[in-house]
Asker: 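My questions all concern the structure below.
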Amino acid sequence: MATSVEGNDPHSESESSGETQVFPSELSDEAKLKLEIIESLSEPCDRKTYGAKLEEAARQWMVSALLYGV
């Protein structure tokens, strides 16, 4: 199922062009994994912790690529 949103983003050009943006209401397993990885990396932490998170993210991303053929 998808949700249609018109003109809610002030930076969007869709309001002036009359286009409708469609956002999926459910993410695929691959998209959920990638979102979790990105959210984890965006959390505040020190350099050492970020390095460890980055290594884990690389492993998870590789698994995602192998599982989903990305």
Side-chain angles (χ1 to χ4, degrees):
M1 176 176 222
T3 304
S4 177
V5 178
E6 291 183 318
N8 288 342
D9 182 0
H11 304 296
S12 174
E13 295 180 0
S14 62
E15 189 174 314
S16 61
S17 65
E19 294 178 11
T20 301
Q21 297 178 0
V22 178
F23 300 97
S25 59
E26 292 186 24
L27 298 173
S28 67
D29 290 340
E30 177 189 9
K32 287 178 187 177
L33 176 61
K34 289 181 178 182
L35 182 61
E36 287 175 17
I37 292 169
I38 293 166
E39 286 176 343
S40 172
L41 291 172
S42 67
E43 295 170 353
C45 59
D46 60 25
R47 286 180 156 196
K48 185 175 181 179
T49 303
Y50 184 77
K53 286 182 177 185
L54 197 55
E55 285 184 22
E56 179 62 22
R59 277 194 288 278
Q60 289 178 337
W61 208 282
M62 182 55 71
V63 169
S64 173
L66 293 173
L67 288 175
Y68 300 106
V70 178

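Worth saying up front: this structure is predicted, and the values here are computed from it rather than measured.
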Asker: Which heavy atom of W61 sits nearest a heavy atom of I37, and at what distance?
Answerer: CE3-CD1, 3.7 Å

Asker: Which heavy atom of L35 sits nearest to which heavy atom of L27, and what is that distance?
Answerer: CD2-CD1, 3.9 Å

Asker: Could you walk me through whether E56 and R59 pass the salt bridge (Lys or Arg N to Asp or Glu O under 4.0 Å) test, one step at a time?
Answerer: CA-CA 5 Å; E56 179 62 22; R59 277 194 288 278; 3.2 Å; yes

Asker: Report the distance from atom CD of E30 to atom NZ of K34, rounding to the nearest 0.5 Å.
Answerer: 4.0 Å

Asker: Looking at every heavy atom in both K53 and S40, which two are closest together, and how far apart are they?
Answerer: NZ-O, 3.2 Å

Asker: Taking C-beta and beyond as the side chain, do Q60 and E36 meet within less than 4.5 Å on heavy atoms?
Answerer: no

